[in-house]
2 protein chains.
Amino acid sequence: MSELESVIRKLEALDHRITPSRVAVIASVLAQSGHFSVEDVLRQARAVGRATVFRTMRLLTDLDVVCRVLLDDGSLHYRVSRRGHHHHLVCVSCGNARDLDECAVGDLVRELAAATEYEIEGHWLEFYGRCAACRSPVAVAARA
Amino acid sequence: MSELESVIRKLEALDHRITPSRVAVIASVLAQSGHFSVEDVLRQARAVGRATVFRTMRLLTDLDVVCRVLLDDGSLHYRVSRRGHHHHLVCVSCGNARDLDECAVGDLVRELAAATEYEIEGHWLEFYGRCAACRSPVAVAARA
DNA sequence: CATGACAGTGATACTTGGTATCAGTGAGAC
DNA sequence: GTCTCACTGATACCAAGTATCACTGTCATG
């Protein structure tokens, strides 16, 4: 079963209709490498209305098909989500994002809950850095 | 020395002028309890132009007088910053934010850097939860 | 088949949060 | 006095996202 089909099954399972517009958006999303903005999807699925793209992105977010990535300039991007709760490490130079295998703040959340009497419901964690490729002398020279 | 004076000194030290508009914005910022939006400041310093408020907020952010707080609805707020790098725990019910004493992901950053060959430059970490007051039966009953 | 309900649609107007522009102002240097 | 220049407010603008609305395709029912 292709990824596209599997997303479509998810939609069907929740009584959402499978429409050409939705398929176009989903296909465009799945074709993205790394993280992408709604604009990227809009550009690739020109036939689909702006509102529909936003609506479909929200649907996909609710279905955990994509997750949101907060860039260090404050802009919101998306990324195909192939696992559950996790965090991202975003290269500020080339823009690539990689998923971190597990959520490393679970212990922290428990400690915090005990220390503060808050009931902790969620958290945002993103790391920003420079990937190996962007740190290599070649890349550095090319940028200069 | 009042907090206001101390902020003014910081500005002076960096050759920024002390103007009535800036003083009004800074006073309004310092008067806020917890986190606040630019709109809150605009509302309290009506005589000051919109652009100037935004400009001054950026100045204060650069000077570490305030820090930015990302709310769980994605909106950006500010908070008077009385220490260095730290994170926030925001109550999703009453909106109060508290500072966490230290950045708990320092070790994590070092581990990550070793594991991924990224040079890690920064991170965003915010926790969302429900504070003790908002979890108390009285508060729960009052909300119902 | 008719028809009615309704999820979904695209165009478009709007809102929100923030930035760019620009002519004007006031304080200090000379 | 006058020149410079940081700073100002008004305003136009921009990007991202949402609300509205008339329309469409699908499906269940009579």
Side-chain angles (χ1 to χ4, degrees), chain A residues 7-29 32 35-63 65-79 95 124, chain B residues 7-29 32 35-63 65-79 95 124:
Chain A
V7 173
I8 288 177
R9 298 269 168 94
K10 272 196 193 181
L11 280 177
E12 278 174 340
L14 289 161
D15 285 330
H16 293 293
R17 296 200 184 153
I18 310 307
T19 66
S21 296
R22 284 186 175 161
V23 173
V25 171
I26 296 169
S28 157
V29 161
Q32 304 288 331
H35 60 90
F36 54 91
S37 65
V38 177
E39 288 311 307
D40 294 327
V41 178
L42 275 168
R43 218 172 299 124
Q44 240 184 65
R46 284 194 196 280
V48 182
R50 186 175 168 69
T52 301
V53 171
F54 277 99
R55 281 188 287 244
T56 308
M57 288 310 296
R58 185 164 46 207
L59 205 54
L60 295 179
T61 308
D62 291 346
L63 261 56
V65 170
V66 297
C67 56
R68 305 195 297 173
V69 183
L70 181 70
L71 264 54
D72 62 346
D73 65 357
S75 69
L76 194 61
H77 277 216
Y78 292 85
R79 179 173 171 80
W124 244 124
Chain B
V7 173
I8 288 176
R9 299 269 169 94
K10 272 197 192 179
L11 279 176
E12 278 174 341
L14 290 161
D15 285 328
H16 293 293
R17 294 200 186 153
I18 310 308
T19 66
S21 297
R22 283 186 176 164
V23 173
V25 171
I26 296 168
S28 158
V29 161
Q32 304 289 332
H35 60 89
F36 55 90
S37 64
V38 177
E39 289 310 308
D40 294 327
V41 178
L42 276 167
R43 219 172 297 124
Q44 240 186 65
R46 285 193 195 281
V48 183
R50 186 177 166 67
T52 302
V53 171
F54 277 100
R55 281 187 286 241
T56 308
M57 288 310 297
R58 185 163 46 206
L59 205 53
L60 295 179
T61 308
D62 291 347
L63 261 56
V65 170
V66 297
C67 55
R68 305 196 295 173
V69 182
L70 181 70
L71 264 54
D72 61 347
D73 66 356
S75 69
L76 194 60
H77 278 217
Y78 291 84
R79 178 174 173 78
W124 244 125

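Lettering follows sequence order; numbering is per chain, from 1. Note that these values count all heavy atoms, side chains included, but never hydrogens, waters or copies made by symmetry.
Residue B:Thr19 places no side-chain N or O under 4.0 Å from the OP1 or OP2 atom of D:dA6.
Across all strands shown, B:Ser21 has heavy atoms under 4.0 Å from sugar-phosphate atoms exclusively, and none from any base.
Of the possible polar contacts, one joining the A:Asp40 side chain to the A:Ser37 backbone as a donor-acceptor pair under 3.5 Å is found. A:Thr56 places a side-chain N or O within donor-acceptor distance of the main-chain N or O of A:Thr52, the cut-off being under 3.5 Å.
In terms of heavy-atom proximity, A:Tyr78 sits nearest to A:Arg68 at CE2-CG, 3.7 Å. Across every non-hydrogen atom of A:Glu39 and A:Arg50, the tightest pair is OE2-NH1, 3.9 Å. When all heavy atoms of B:Met57 and B:Phe36 are compared, the closest pair comes out as CE-CE1, 4.0 Å. Looking at every heavy atom in both residues, B:Gln44 comes nearest to B:Gln32 through NE2-NE2, 3.4 Å. Nearest heavy-atom pair across B:Arg79 and B:His35 is NH1-N, 4.0 Å.
Read 5' to 3', the first and last nucleotides of DNA chain C with an atom closer than 4.0 Å to a heavy atom of chain A are C:dA7 to C:dA11.
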Item checked: side chain to side chain donor-acceptor pair (under 3.5 Å) assessment of B:Arg58 paired with B:Thr61 -> CA-CA 5 Å; B:Arg58 185 163 46 206; B:Thr61 308; over 6 Å; no
Checklist line | Base versus backbone protein contacts along nucleotides 10-26 of chain D [heavy-atom cut-off under 4.0 Å; B, S, -] | finding: B-----BBBB-----B-
